[in-house]
Amino acid sequence: MNFKDRLQQDFSTMTLVLIPVAIVLNIVVGQIASTLSLPIFLDSIGTVLIALLAGPWVGALTGLLTNLIWGLISDPITAAFAPVAMVIGLVAGLLARAGLFRQWWQAILSGAIIAIALSFVAVPIRVYMFGGVTGSGADFVTAYLLAVGRDLFSSVIITVISSNLLDKVVTAVLAWAIVKALSKRFVARFPRATAVVGN
Amino acid sequence: MTLYLSTNGPLHRLHPLTKLTWLLAVLAAALLGPSGWLPLGLFLVAWLLAAWGGVGRVWLGRNGRILLPLILMLFVIHGFFNPNGQTPLLTLWRLTLTQEGVAYAFLLSSRLATIVGAALLLLLTTHPGDLLTALTERGLPPALAYIISSTLYILPQMQSKATAILQAQQARGLETEGSLWRRARALLPLLAPLVLGALVDSEERAIALESRGFRVRGPKSSLVELPDSPGQRWLRAGLLLGILLLIGWRVWRLFA
Amino acid sequence: MALVRVTDLTYRYPQTAVPALQNVTFSVEPGEFVAVIGANDAGKSTLCYALTGYVPHFFHGQMDGSVQLAGLETRERPLPELVTLAGLVFQNPTTQMSGVRDTVRGEVGFGLENLGVPRAEMHTRIVEALAMTGTTELAERHPRELSGGQQQRVALAAMLAMRPQLLVLDEPTAQLDPVGSRELFAALQRLSRTGLTLVLATHKLEWAAAYADRLLLLHEGRLVQQGPPQALLTQPQLADWGIAPLPFTEAARQARDEGLWDAERPLPITLADAIVGFLEMRDTSKHF
């Protein structure tokens with residue numbers, strides 16, 4: 001199957017109606033996590049979930065649009081991090097395709113890989129557009145690292161990875177568990193999902 | 001739901017693409033144009049426009065909420081800790097405020113304020129549906145417009161569902177407060193009904209979408225007519241030209 | 001020429017062993033109002049999907065035999081072409097709202113936008129479809145904030161505006177209250193009078209009896225009976241096919257067995273007929 005046909009299959013009508021659901025899950029579950037004052041964001045769970053079902057391209061689009069819509073409804077700054085959300089979906093989909101989302105321990109490993117991969121995009125954006133600042137508590141970590149003599153870039157790398165590692169691991173495991181819990185009939189609608197659940 | 005204010009000012013009546021092109025031009029000016037006072041000037045222009053458009057107060061309030069924490073941290077972190085800081089301005093206890101750090105913080109702050117201010121101008125005065133209609137007429141894939149509109153439609157439904165599930169679980173004795181472990185354990189019984197419930201409908205919604213001819217090929221039309229004017233067309237053309245000139249200037253400076 | 005011709009249709013959903021439909025053959029003439037009745041899982045929904053092309057195009061699975069819609073073999077035509085010929089309204093009112101338009105007017109117009117109907121004609125068609133379904137006053141409301149019955153009529157209007165040749169309805173009143181059901185059936189009756197061809201799957205026998213020209217009875221995926229409501233609904237073996245007979249038909253049958261109901265008089269299939277029948281029985285009988 002060539003790339004165009006593959007994309008057409010990826011973006012079936014079923015997938016198209018599922019992308020908004022995934023975006024809303026990102027936003028709503030993120031809000032629940034902050035209501036429960038958990039130390040993780042969980043605001044990319046929909047992106048990872050749909051990446052496992054429908055592949056890296058759908059995952060990337062879902063991530064991208066999540067942040068654009070977030071920007072539309074509350075805070076335009078979020079839109080600047082759209083490339084980060086995109087990488088999360090893309091990498092989750094690629095890992096699933098590589099067979100790295102079959103077992104729970106693989107999901108943990110994949111979560112860690114996602115956290116590292118996203119920092120490649122998140123760090124430059126944070127450093128060059130925002131001077132390494134987020135306006136949140138994480139800034140004190142950055143300030144401390146700068147104060148003890150690290151440069152801005154490596155300080156931000158440490159801040160980004162440390163605040164994302166646990167979050168992405170938990171997100172990956174939850175998304176994996178959800179896909180496993182879905183009915184066979186539903187999962188059969190997504191040819192890519194066989195890489196996670198088998199045939 | 002969105003930032004859009006359904007009042008009816010002169011900015012509301014502008015074609016969405018006019019406001020979007022303005023945002024792009026400001027973005028180009030802030031990121032590529034000469035630094036210094038230009039970004040701040042554009043921020044003040046946005047303020048004047050917001051006031052003229054009848055959304056001045058909301059615009060200012062939103063800007064403050066989004067920008068103040070960022071700007072504050074920028075000045076703290078770069079003012080005191082910027083590794084390039086050499087010229088001391090004043091010393092507090094063991095921390096030294098440097099001129100280079102403050103200048104850098106000022107540069108980034110004014111840039112961010114300009115971009116956020118221009119974006120808010122667009123978002124406060126443009127109905128998302130109209131923006132999508134305008135973009136679809138100019139070639140945005142209908143699937144993208146569908147995804148964005150559909151998200152804005154189901155978000156409040158899901159939010160109230162999440163609240164309902166949360167309250168129901170609390171009524172059944174689920175602890176949503178207390179130790180971290182307790183709160184973390186509260187997550188799964190919240191998540192499962194929400195996620196699975198959201199997925200169940202999708203087959204029917206896909207059929208509904210097909211039944212409305214969404215996959216029919218060929219040109220689509222639009223029920224909403226967006227008023228446009230020759231003046232706005234000229235303005236957009238001028239702004240686009242300006243953006244190109246800016247990019248050209250940057251590229252030229254790169255090699256000269 | 002028949003608008004719908006189903007020949008020896010057998011269909012199995014993916015990953016299932018038992019066919020949902022087996023050797024089903026029938027046709028529908030233009031302008032006819034056909035009701036499909038049968039127990040749950042008799043295959044009513046599957047038949048509705050087959051008439052509109054979602055079987056096999058959306059559900060995949062194994063389809064044998066043929067379904068022809070306006071002379072076109074549905075299996076060989078793309079789904080987007082079929083949806084312009086046959087409209088579908090189904091059970092759940094909320095999932096039928098497109099979720100991308102924030103007024104009823106826009107919702108009804110959404111399908112027309114996808115078909116590329118010019119704006120001026122769109123306005124005419126929307127006004128017409130709203131009037132036909134009794135939703136004119138709802139035009140500027142948000143689809144999300146309507147009752148189930150109102151949403152269902154908006155879904156109906158959205159299909160009508162696309163001017164299909166056939167309209168298929170799968171249990172459209174299953175989630176509606178009695179008022180909502182009555183209003184929907186009233187709209188269907190108006191539509192039938194304009195000459196639109198309707199196929200309605202329902203378990204509300206009294207409505208099927210009152211409005212349909214012909215009934216199809218499905219049982220375990222097979223078409224076991226078809227004919228005019230009067231002949232079909234008065235058969236004593238109805239219960240064998242998983243259908244509870246109408247209570248007043250049953251009452252009249254028992255009265256007839258007791259010699260109270262005139263044996264020459266057909267058994268009633270509507271409440272009105274039953275009332276008239278029992279009143280005349282009172283007037284002519286010495287038992288009362």
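As the structure is a prediction and not an experimental result, all values here were calculated from the model. A note on names: the letters A, B, ... follow the listed sequences, proteins ahead of strands, and every chain is numbered from 1.
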Value rounded to 0.5 Å, distance of CG in B/Leu199 from CG in A/Leu49 = 6.0 Å
Nearest heavy atoms of A/Ala172 and A/Gly111, plus distance in Å | CB-CA, 3.7 Å
Measure distances from A/Leu174 to the heavy atoms of chain B and classify the residue's part below 4.5 Å as side chain, backbone, both or neither.
-> side chain
B/Leu209 side, atom CG; A/Met14 side, atom CE - distance, nearest 0.5 Å | 12.0 Å
Would you say B/Leu108 and A/Phe130 make side-chain contact, with heavy atoms under 4.5 Å?
-> no
Considering only heavy atoms, which portion of B/Phe80 lies under 4.5 Å from any heavy atom of chain A: side chain, backbone, both, or neither?
-> neither
Which atoms of A/Leu65 come close to chain B, meaning under 4.5 Å heavy atom to heavy atom: side chain ones, backbone ones, both, or neither?
-> side chain
If you tally heavy-atom pairs under 4.5 Å between each of B/Leu187, B/Ile115, B/Val200, B/Leu194 and chain A, the highest tally belongs to B/Leu187
Qualifying ring-ring contact (aromatic ring centres under 6.0 Å, His included) pairs, either residue in residues 11-45 of chain A, two or more places apart | none
Determine which donor-acceptor pairs between chain B and chain A fall under 3.5 Å and list them with their distances.
from     : atom 1 : to       : atom 2 : distance (Å)
B/His78  : NE2    : A/Gly131 : O      : 2.6
B/Gln159 : NE2    : A/Gln31  : OE1    : 3.0
B/Arg183 : NH1    : A/Leu36  : O      : 2.9
B/Arg183 : NH1    : A/Ser37  : O      : 2.6
B/Glu203 : OE1    : A/Arg185 : NH2    : 2.6
B/Glu203 : OE2    : A/Arg189 : NE     : 2.8
B/Glu203 : OE2    : A/Arg189 : NH2    : 3.4
B/Arg205 : NH2    : A/Val17  : O      : 3.2
B/Glu210 : OE2    : A/Thr13  : OG1    : 2.7
B/Arg215 : NE     : A/Thr13  : OG1    : 3.0
B/Arg215 : NH2    : A/Phe11  : O      : 2.9
B/Arg215 : NH2    : A/Thr13  : OG1    : 3.4

Is the CZ atom of B/Arg172 crowded by more than 12 outside heavy atoms at less than 6.0 Å?
-> no
B/Leu95, part contacting chain A, at a heavy-atom distance under 4.5 Å = neither
Which portion of B/Leu74 sits near chain A, non-hydrogen atoms under 4.5 angstrom = both
So CG of B/Leu190 and CG of A/Leu36: to nearest 0.5 Å the spacing works out to 6.0 Å
Taking A/Leu53 as the fixed residue, which of A/Val196, A/Leu182, A/Ile178 is the one that meets the side chain to side chain contact (heavy atoms under 4.5 Å, CB included) rule?
-> A/Leu182
Minimal non-hydrogen separation, A/Ala51 against A/Gly59, with atom names | CB-CA, 4.0 Å
Pick from A/Ala80, A/Gly149, A/Gly132, A/Ala147: which one has the most heavy-atom pairs with chain B under 4.5 Å?
-> A/Ala147
Leading residue by heavy atom contact count with chain A [cutoff under 4.5 Å; candidates B/Leu122, B/Leu191, B/Leu196, B/Val116] | B/Leu191
For the atom pair CG (A/Leu109) and CG (A/Leu95), what is the distance rounded to the nearest 0.5 Å?
-> 8.0 Å
Among the options B/Val195, B/Leu67, B/Ile71, pick out the one with the most heavy-atom pairs lying under 4.5 Å from chain A.
-> B/Val195
d(B/Leu135 CG, B/Leu20 CG) to nearest 0.5 Å is 6.0 Å
Between A/Ile32, A/Val28, A/Leu146, A/Leu72, which has the largest tally of heavy atom pairs under 4.5 Å with chain B?
-> A/Leu72
Would you please test A/Phe120 and A/Val87 for side chain to side chain contact (heavy atoms under 4.5 Å, CB included) and show each step?
-> CA-CA 9 Å; A/Phe120 281 94; A/Val87 166; over 6 Å; no
Identify which part of A/Ile27 has an atom lying under 4.5 Å from any heavy atom of chain B, answering side chain, backbone, both or neither.
-> side chain
Chain B interface, residue from A/Val170, A/Ile19, A/Leu68 that has the most non-hydrogen pairs under 4.5 Å = A/Ile19
Interchain contact, B/Leu3 with chain A, by part (heavy-atom threshold 4.5 Å) | both
Toward chain A, the part of B/Leu112 with a non-hydrogen atom under 4.5 Å = side chain
Applying a strict 4.5 Å limit to non-hydrogen atoms, the region of B/Ile207 in contact with chain A is neither
Name the region of B/Leu144, side chain, backbone, both or neither, that has any atom closer than 4.5 Å to a heavy atom of chain A.
-> side chain
Side chain / backbone / both / neither for B/Leu155 at chain A, heavy atoms under 4.5 Å = both
Where does A/Leu16 contact chain B at under 4.5 Å (heavy atoms): side chain, backbone, both or neither?
-> both
Heavy-atom closest pair, residues A/Val169 and A/Ala112 = CG2-N, 3.8 Å
Determine, step by step, whether B/Val26 and B/Val45 satisfy the side chain to side chain contact (heavy atoms under 4.5 Å, CB included) criterion, reporting the C-alpha distance in whole Å, the side-chain angles of both residues, the deciding distance to 0.1 Å, and the verdict.
-> CA-CA 11 Å; B/Val26 170; B/Val45 171; over 6 Å; no
Heavy-atom pair with the smallest gap, counting every atom of B/His12 and B/Leu5 | NE2-O, 2.7 Å
